[in-house]
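Report on the structure given below.
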Amino acid sequence: MASESQYQAFLDTLKDEGLRRELVGVEALNARIIRVKGRDYVNLASNDYLALRFNKALIARASEWAGRYGVGSGASRLVTGNLDLFERLETKIAKLKQKPAALIMASGFQANAAVLQALFDRAVLGAEPLVFADKLNHASMHFGCKAAGIRQLRYRHGDPAHLAELLTQYQADNRPKFILTESVFSMDGDVAPLGEIGRLAREHKATLIVDDAHATGILGEGGRGRSDEADIAIGTFSKALGGFGAYVACTGSLRDYLVNRCSGFIYSTALPPPVLGVIDAALDLLPGLDAQRAYVARLATKFRGGAHQMGLSTGTSSTQIVPLLAGPAEAALALNGRLRDAGFWATAIRPPTVPQDTARVRLAFTAAHDDADADRLLDVLKEKAGQSAKKV
Ligand SMILES: Cc1ncc(COP(=O)(O)O)c(C=O)c1O
């Protein structure tokens, strides 16, 4: 039997290294303000990029569908949980993603964990597939690869030349090939060079899988994200779409395959109707939100410009996600503490979520922020908080 003291020793080590994580209770007053221990903060740590979480249309459809269809789906999709709402919604998702079909999954993490495991199944493919993956891919993608028992061939972050090198190395190997990348990287806010990656995928007959979590809703025409080059797009409704749940957009036959082979789909209860209502209403709103998308991009660009003028590093960010690089974990915690003192709630991101010595404070701009928020944040950084941020 495992001893509790072994787990405690692990926690103690994390604490010594400044890496212990703690849950903090928060109250969300609206999409902009959170209250923590009685104090109000501007929330710079939310992925609710379009500020849809409190949108009246989403709330109304959630309650309407709860009233009409119940608050739970009662079973997995293959048993009796396949309410006809699912297939209607999946048609909408496939249209948004411009793919032939789509399948709703429970969450973004679960989708990557379960779908990748099913896609990389050696028993089905007849061999261990060759999976070329960006080094900074999200933990859920690593989890899916690990669950499939495959070894990833990891290329340098955002570097198509390195990917090309690896693909060439394996040119004569005729095992099935996959390329795996995020479209917008969650901790860096930079974009994958998908045009070049797509070209390499075609040249080497590799299946391109794109995790579009941080682009769906907020980037691309009508908010469709950045997965045009992808053979398979995976994404979540928990970020710019304000709700919960996830999707895989792919061909009809792959969808059928997942329904038959993806254990995370087969053995899990179908999403509840109120959650589906939120997804449905958000998808209806998306095409009309160009102004919000442009607004968020402008705020982030303005903030980056101000930070760079002060000599602060925002890494390779070019989207609504803007990291303030600090280096050591303690420096990120100190910077975060100073921002909190000034009334901004952000999160220090430390290893193992990001590589050693690249700890940072991750800021995310949303449609709920205004110019005054960005200006005041820059003023605070100018005054004192910038002391722990890394200079470019
Ligand atoms: C790139 C990426 N993929 C997947 C996920 C997981 O999505 P969800 O929060 O819906 O589980 C996240 C969010 O943390 C993410 O950043």
Side-chain angles (χ1 to χ4, degrees), residues 21 23 28 45-50 52-53 58 89 93 97 102-117 119 133-147 152 154 157-158 179-192 194 197 208-220 225-227 230 232-249 262 264-265 268-272 275-276 278-279 282-283 315-323 346-350 352-355 360 362-366:
R21 304 167 198 248
L23 287 169
S46 156
N47 299 319
D48 179 21
Y49 305 125
L50 291 168
L52 289 181
R53 196 147 67 112
L58 271 62
L89 252 183
I93 298 162
K97 302 303 295 177
L103 186 68
I104 291 179
M105 300 289 297
S107 75
F109 189 102
Q110 192 253 14
N112 277 330
V115 170
L116 298 182
Q117 180 191 26
L119 291 175
D134 188 289
K135 270 202 168 142
L136 295 190
N137 278 345
H138 192 257
S140 53
M141 295 163 100
H142 298 308
F143 194 94
C145 292
K146 214 168 161 185
Q152 299 177 62
R154 297 173 79 183
H157 173 56
I179 301 173
L180 199 53
T181 182
E182 292 179 37
S183 57
V184 169
F185 285 83
S186 59
M187 296 299 144
D188 291 82
D190 57 354
V191 295
L194 287 166
I197 293 177
L208 175 56
I209 306 176
V210 171
D211 180 339
D212 216 14
H214 293 275
T216 305
I218 185 80
L219 297 181
R226 295 188 70 242
S227 57
I232 302 169
I234 299 179
T236 173
F237 300 114
S238 66
K239 303 193 192 294
L241 279 90
F244 191 70
Y247 64 84
V248 188
C262 179
F265 173 85
S268 189
T269 298
L271 278 185
V275 171
L276 298 176
V278 171
I279 298 171
L283 288 173
T316 44
S317 158
S318 62
T319 65
Q320 73 282 359
I321 300 167
V322 185
T347 310
I349 310 287
R350 297 164 282 164
T353 307
V354 291
R360 65 205 58 190
R362 177 189 185 271
L363 309 175
F365 290 91
T366 79

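Positions are given from 1, in the same order as the sequence printed here. When a ligand or atom number is given, it counts from 1 through the structure's own listing order. In this text, all values refer to a predicted model and were calculated from it rather than measured experimentally.
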Side chain to side chain contact (heavy atoms under 4.5 Å, CB included), that's the test. Do T236 and N47 meet it? Break it down for me. CA-CA 11 Å; T236 173; N47 299 319; over 6 Å; no
Using a distance-only test with no angle check, is there a side-chain donor-acceptor pair under 3.5 angstrom linking D190 and H157? yes
Taking the side chain as every heavy atom from C-beta outward, state whether Y247 and D212 have any pair of such atoms under 4.5 Å apart. yes
Would a distance-only check, ignoring hydrogens and angles, find a side-chain to backbone donor-acceptor pair under 3.5 Å from R53 to D48? no
Taking the side chain as everything from C-beta on, heavy atoms only, tell me whether E182 gets closer than 4.5 Å to M187. no
What are the atom names and distances for all N or O pairs under 3.5 Å between ligand 1 and the protein?
| from | atom 1 | to | atom 2 | distance (Å) |
| --- | --- | --- | --- | --- |
| ligand 1 | 3 (N) | D211 | OD2 | 2.6 |
| ligand 1 | 9 (O) | S238 | OG | 3.4 |
| ligand 1 | 10 (O) | G108 | N | 2.8 |
| ligand 1 | 10 (O) | T236 | OG1 | 2.7 |
| ligand 1 | 10 (O) | S238 | OG | 3.0 |
| ligand 1 | 11 (O) | G108 | N | 3.2 |
| ligand 1 | 11 (O) | F109 | N | 2.9 |
| ligand 1 | 14 (O) | H138 | NE2 | 3.2 |
| ligand 1 | 14 (O) | K239 | NZ | 3.2 |
| ligand 1 | 16 (O) | H214 | NE2 | 2.6 |

Could you check if a side-chain atom of D134 sits within less than 4.5 angstrom of a side-chain atom of I197, using non-hydrogen atoms only? no
